[in-house]
Amino acid sequence: MERTLIILKPDAVQRHLVGKIISRFEEKGFQVTGLKMTRITEAMARKHYAVHEGKDFFKPLIRYISSGPLIVMVLKGKDAIEVARKMMGSTFGSKAESGTIRGDYAVSTRFNLVHGSDSPETAEKEISIFFKKEELFDYNLNDLQWIYDMSMGDIV
Ligand code: IDP
Ligand code: MG
């Protein structure tokens, strides 16, 4: 099982899409292990998007992501990182495939509603930026044996 950090960016909050986007991830079968509304300071944003420092879109990206309250959540599931990014669609709203979150709800190249970690290393780093240990919950999901076939001992 893998963990990923998902952010519903300030445009998702302003556009009343929080419930819809969370539902998509829940309905897919992911377990929500942490969830809150917060704001990110410019310093946190710079840390979170450090890989983009120096690029032409860095400054407006920092302004965008720190411009209002957002939702951060940690999802747990098999291949959660890759599957969540697939559900989000490609970066630019105008290019994202229909059926994905960005493809269905975004047209902008910057205001693209969601963030999802892109590797296990970045996921762990990003989770530690936004969540304290006591804000994350380890609990049994009752229907897990219907989300995956675990009858042979592994998770399929
Ligand atoms: P990702 O969110 O799909 O992983 P990244 O390349 O990591 O995409 O870019 C981070 C964020 O920066 C994007 O989600 C988007 O909001 C913004 N962004 C990326 N490229 C551009 C661009 O060319 N113009 C404007 N904004 C951009
Ligand atoms: Mg990225």
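For ligands, and for the atoms within them, numbers begin at 1 and follow the listed sequence. One-based numbering along the sequence shown. The shown structure was predicted, so the numbers you read here are calculated from the model rather than taken from an experiment.
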Indicate, as side chain, backbone, both or neither, the part of M88 found under 4.0 angstrom from ligand 1 when only non-hydrogen atoms are considered.
->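 Under 4.0 Å from ligand 1, M88 contributes no heavy atoms.
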Proximity to ligand 1 by part of Y49, non-hydrogen separation under 4.0 Å = side chain
Which residue from H52, R110, R85, H115 reaches closest to atom 7 (O) of ligand 1 through any of its heavy atoms?
->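 It is H52 whose heavy atom sits nearest to atom 7 (O) of ligand 1.
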Interfacing atoms of ligand 1 (cut-off 4.0 Å, heavy-atom, [X]):
X    : value
K9   : 13 (C), 14 (O), 16 (O)
N112 : 13 (C), 14 (O), 15 (C), 16 (O)
R102 : 1 (P), 2 (O), 3 (O), 14 (O)
F92  : 20 (N), 21 (C), 22 (C), 23 (O)

min-distance protein heavy atom vs atom 3 (O) of ligand 1 -> T91 OG1, 2.6 Å
Of all the non-hydrogen atoms in the protein, which one sits nearest to atom 11 (C) of ligand 1, and at what distance?
->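 The answer is L61 CD1, 3.7 Å.
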Could you give the distance from [atom1] ([X]) to [atom2] ([Y]), rounded to the nearest 0.5 Å?
X    : Y    : atom1 : atom2 : result
M37  : I71  : CE    : CD1   : 4.0 Å
K133 : S128 : NZ    : OG    : 10.5 Å
T122 : I81  : OG1   : CD1   : 6.5 Å

Residues E42 and S66: side-chain donor-acceptor under 3.5 angstrom | no
Do NZ/NE/NH1/NH2 and the carboxylate oxygens of K20 and D104 come within less than 4.0 Å?
-> no
Is a salt bridge present between D138 and K76, judged by a nitrogen-to-oxygen distance below 4.0 Å?
-> yes
Contact check, D118 vs ligand 1, heavy-atom distance below 4.0 Å =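 No, that is not the case, since the closest heavy atom of the residue is not under 4.0 Å from the ligand.
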ILVMFWY cluster membership beyond F131 - transitive side-chain contacts under 4.5 angstrom | L5, I7, I40, M44, Y49, F57, F58, L61, I62, Y64, I65, L70, V72, V74, F111, I127, I129, F130, L136
